[in-house]
Amino acid sequence: MSFDNQNKIIRQNNPIDYIEEHFSRFIDNILRDSENKITLNSKGLWNTYNISIIWDNDRKVFEIFTCLDNASKFKSKNLVYTLISNVNEKANLGHFNYSSKLNKVFFSYKVSVKAQDFITIEQVEDFIDITVEECDRFFPVFYVFFNKKKNPKNAIEIAMLDTYGEA
């Protein structure tokens with residue numbers, strides 16, 4: 001891989017190398033977890049998210065995911081999964097999942113770049129922006145559900161009020 005004069009990542013090697021090179025210019029906390037995985041911090045409205053980007057060279061797929069650290073112990077796993085299902089119906093891109101073992105909510109999506117000769121840094125920045133936007137959009141729902149102990153329907157109604165008019 002190499003950059004061309006338009007900040008395109010030309011597919012010859014591992015794109016994670018070039019993503020790391022680009023973002024290390026202005027982000028301090030970059031963790032190169034493995035040859036095909038990088039984790040960086042991106043500040044959102046509600047939280048700073050640790051976003052991981054994983055490159056699957058065989059399938060030519062990027063997986064982007066982050067963990068929302070607002071979960072607390074909840075007795076009914078069924079209610080947690082009901083909430084996740086309801087949230088996923090409203091998600092624009094990607095999906096949320098819950099790990100009962102870790103007691104954490106995750107957001108994830110995948111992007112295929114098969115048959116493309118390059119991706120741009122702008123596309124990678126979009127991966128991160130989309131992740132932050134979706135997490136910020138639903139962070140209040142999970143907060144209300146886990147911390148205020150509301151049922152899934154109430155958590156979504158309270159946290160996702162649509163505002164009309166001007167203040």
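Just so you know, residue 1 is the first one in the sequence shown, and it goes up from there. These numbers were taken from a predicted model, which means no experiment stands behind them.
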Worked verdict on Phe142 versus Ile84 for side chain to side chain contact (heavy atoms under 4.5 Å, CB included): CA-CA 9 Å; Phe142 294 115; Ile84 295 290; 3.6 Å; yes
Side chains of [X] and [Y], heavy atoms from C-beta outward: is any pair under 4.5 Å?
X: Arg137; Y: Asn92; result: yes
X: Val111; Y: Ile64; result: yes
X: Ile30; Y: Ile38; result: yes
X: Leu79; Y: Phe145; result: yes
X: Leu40; Y: Leu31; result: no
X: Phe139; Y: Val105; result: no
X: Tyr49; Y: Ile128; result: no
X: His22; Y: Ile19; result: no

Looking at [X] and [Y], would you say the former's side chain and the latter's main chain have a donor-acceptor pair under 3.5 Å?
X: Asn86; Y: Pro152; value: no
X: Ser99; Y: Lys104; value: no
X: Ser85; Y: Tyr81; value: no
X: Asp136; Y: Gly44; value: no
X: Asn151; Y: Lys153; value: yes
X: Glu134; Y: Thr131; value: no
X: Asn88; Y: His95; value: no
X: Arg59; Y: Val61; value: no
X: Lys60; Y: Asn57; value: yes

Atom pair [atom1]/[atom2] of [X] and [Y] - distance to nearest 0.5 Å:
X: Ile121; Y: Ile119; atom1: CD1; atom2: CD1; result: 7.0 Å
X: Lys37; Y: Asp56; atom1: NZ; atom2: CG; result: 13.5 Å
X: Asn47; Y: Cys67; atom1: CG; atom2: SG; result: 9.5 Å
X: Ser52; Y: Phe65; atom1: OG; atom2: CZ; result: 4.0 Å
X: Ile16; Y: Arg32; atom1: CD1; atom2: CZ; result: 6.5 Å
X: Leu68; Y: Phe138; atom1: CG; atom2: CZ; result: 11.0 Å

Side chain to side chain contact (heavy atoms under 4.5 Å, CB included) between Phe23 and Glu125, worked out: CA-CA 9 Å; Phe23 285 104; Glu125 289 171 346; 3.8 Å; yes
Kindly work out whether a path of hydrophobic side-chain contacts (I/L/V/M/F/W/Y, heavy atoms less than 4.5 Å apart) joins [X] to [Y].
X: Tyr98; Y: Phe106; result: no
X: Val141; Y: Leu45; result: yes
X: Val113; Y: Ile54; result: no
X: Leu93; Y: Phe96; result: yes

Working for side chain to side chain contact (heavy atoms under 4.5 Å, CB included), residues Ile156 and Leu83: CA-CA 8 Å; Ile156 289 173; Leu83 177 69; 4.0 Å; yes
Polar contact flag, side-chain donor to acceptor under 3.5 angstrom, Thr39-Asn50: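 There is no such pair between these side chains.
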Closest approach of Cys135 to Phe107 (non-hydrogen atoms, all atoms of both residues):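 Closest heavy-atom pair between Cys135 and Phe107: SG-CB, 3.8 Å.
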Pair Glu35-Asn14, side chain to side chain contact (heavy atoms under 4.5 Å, CB included): steps then yes or no: CA-CA 8 Å; Glu35 180 181 347; Asn14 187 342; 3.5 Å; yes
Contacts of type ring pair (Phe, Tyr, Trp, His ring centres under 6.0 Å), residue Phe127, not counting sequence neighbours: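 Partners of Phe127 by the ring pair (Phe, Tyr, Trp, His ring centres under 6.0 Å) criterion, ordered by chain and then number, come out as Phe62.
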